[in-house]
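Just so you know, residue 1 is the first one in the sequence shown, and it goes up from there.
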Amino acid sequence: MTDFIHIQSYLRFALSHSLPGEKAHQMLLPAGRKLKPVTSDLSVNQSGVLLTLFPDNGQLYTCFIRRPETMKNHAGQISFPGGRQEDQDPDLIATALRESQEEVGVIPSDIDILGRLSPLYVPVSNFFISPVVGWSDSKPNFQINQTEVDDLILVPIKKLLLQTPFKRPKLKPGVVPGKFPVSALTGTSFGAQPR
């Protein structure tokens, strides 16, 4: 548990400083696409997502969701739990916490907010996404909202840490970008609906 306390403290410290978000976003853009800055246009959809970190069986995890194909925005995509800011949300941290509770049952009072990652504007859906990093001292008791979530995907953080520099993958013929078996990422998927 001591290692997790050090990780939690380090992340809180690191997130309080400037982040390399734009450079990282540039690396992950599809070939030929440019990163567009968000404007002060009030028609932009503000949203908050929650990257929840939690220890389980001696490892540090986070969770992703797969959105249903029936969703209006970001259908079928894998993402962190979260969504659009609503009038009752005082800020995007509150949005991320509320949406995470609605989608996967994470209890806001169980989450220690460590900080925020660099926001990202998604022109296709006109969403300005603000990622919030939260810490839970134990694995949340996930409750999937089947109208908003097809799959809950638990991923050990060590699987996400790159040992070699990032390289854009070359797709094999017939492979559709964004469509891959969840088990390829984690091996741990909890389907909300039978497949």
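- By the criterion of side-chain heavy atoms lying less than 4.5 angstrom apart, applied directly or through intervening Ile, Leu, Val, Met, Phe, Trp or Tyr residues, Ile107 is not grouped with Ile65; the two fall into different hydrophobic clusters.
- The side-chain heavy atoms of Gln101 and Val106, taken from C-beta on, include no pair separated by under 4.5 Å.
- Counting only residues at least two apart or in different chains, ring pair (Phe, Tyr, Trp, His ring centres under 6.0 Å) contacts with residues 133-159 comprise Phe54-Phe142.
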- Task: Test side-chain contact (heavy atoms from CB on, under 4.5 Å) on Val155 and Leu160 and set out the steps.
- Result: CA-CA 8 Å; Val155 182; Leu160 300 176; 3.9 Å; yes

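- The minimum heavy-atom distance between Phe4 and Pro55, with the atom names listed, is CE1-CB, 3.4 Å.
- By the side chain to side chain donor-acceptor pair (under 3.5 Å) test, Asn57 pairs with no residue at all, sequence neighbours left out.
- Note that CD1 of Ile7 and CD1 of Ile157 are 9.5 Å apart. Values are rounded to the nearest 0.5 Å.
- In this structure, Gln46 CD and Ile129 CD1 are separated by 10.5 Å, a value rounded to the nearest 0.5 Å.
- Among residue pairs with one or both ends in residues 49-65, none qualify as salt bridge (charged side-chain N to carboxylate O under 4.0 Å, His left out); sequence neighbours excluded.
- Hydrophobic clustering, with ILVMFWY side chains joined whenever heavy atoms are under 4.5 angstrom apart, keeps Leu117 apart from Leu92.
- Considering only residues two or more places apart in sequence or on other chains, Gln143 meets the side chain to side chain donor-acceptor pair (under 3.5 Å) condition with Asn141.
- Summarising the geometry, atom CG belonging to Leu154 is positioned 7.5 Å from atom OH belonging to Tyr61; distances are rounded to the nearest 0.5 Å.
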Which donor-acceptor pairs under 3.5 Å do the side chains of residues 14-21 make with protein atoms, sequence neighbours left out?
{"unit_1": "Ser16", "atom_1": "OG", "unit_2": "Phe13", "atom_2": "O", "d": "2.6"}
{"unit_1": "His17", "atom_1": "ND1", "unit_2": "Phe13", "atom_2": "O", "d": "2.8"}

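- For the salt bridge (charged side-chain N to carboxylate O under 4.0 Å, His left out) test, no residue two or more places apart in sequence or in another chain qualifies with Asp110.
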- For side-chain contact (heavy atoms from CB on, under 4.5 Å), just list the numbers for Glu102 and Glu148, CA-CA rounded to whole Å, side-chain angles, deciding distance to a tenth of an Å, and then say yes or no. CA-CA 9 Å; Glu102 287 176 11; Glu148 297 193 40; 4.1 Å; yes

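- Across all non-hydrogen atoms, the minimal contact from Ile111 to Ser136 is CD1-CB, 4.0 Å.
- In this structure, Pro131 and Pro119 approach most closely via the heavy-atom pair CD-CA, 3.9 Å.
- By the side chain to side chain contact (heavy atoms under 4.5 Å, CB included) test, Val132 is found to be paired with Leu50, Ile93, Ala96, Ile113, Arg116, residues two or more places apart in sequence or in another chain being considered.
- Every side chain to side chain donor-acceptor pair (under 3.5 Å) that Ser79 has, sequence neighbours left out, goes to Arg67.
- Nearest heavy atoms, Glu69 versus Gly76: OE2-CA, 3.5 Å.
- Across Arg84 and Asn45, no two heavy atoms sit closer than the pair NH1-OD1, 2.6 Å.
- At least one side-chain heavy atom of Lys158 sits under 4.5 Å from a side-chain heavy atom of Gln59.
- Without hydrogens or angle criteria, Thr62 side chain to Thr52 main chain gives a donor-acceptor distance under 3.5 Å.
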- Message: Using the rule given for ring pair (Phe, Tyr, Trp, His ring centres under 6.0 Å), can you reason through Tyr121 versus Phe127, listing the C-alpha separation, both sets of side-chain angles and the distance that settles it, and then say yes or no?
- Response: CA-CA 6 Å; Tyr121 176 61; Phe127 271 86; 9.5 Å; no

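- Asp112 pairs by the salt bridge (charged side-chain N to carboxylate O under 4.0 Å, His left out) definition with Arg12, not counting sequence neighbours.
- Closest non-hydrogen pair, Ser43 versus Asn126, comes out as O-ND2, 2.8 Å.
- For Glu86, the side chain to side chain contact (heavy atoms under 4.5 Å, CB included) partners at least two apart in sequence or on another chain are Gln88, Asp89, Arg98, Glu99.
- For Asp91, there are no side chain to side chain donor-acceptor pair (under 3.5 Å) partners at least two apart in sequence or on another chain.
- In this structure, SG on Cys63 lies 12.5 Å from CG on Asp151, to the nearest 0.5 angstrom.
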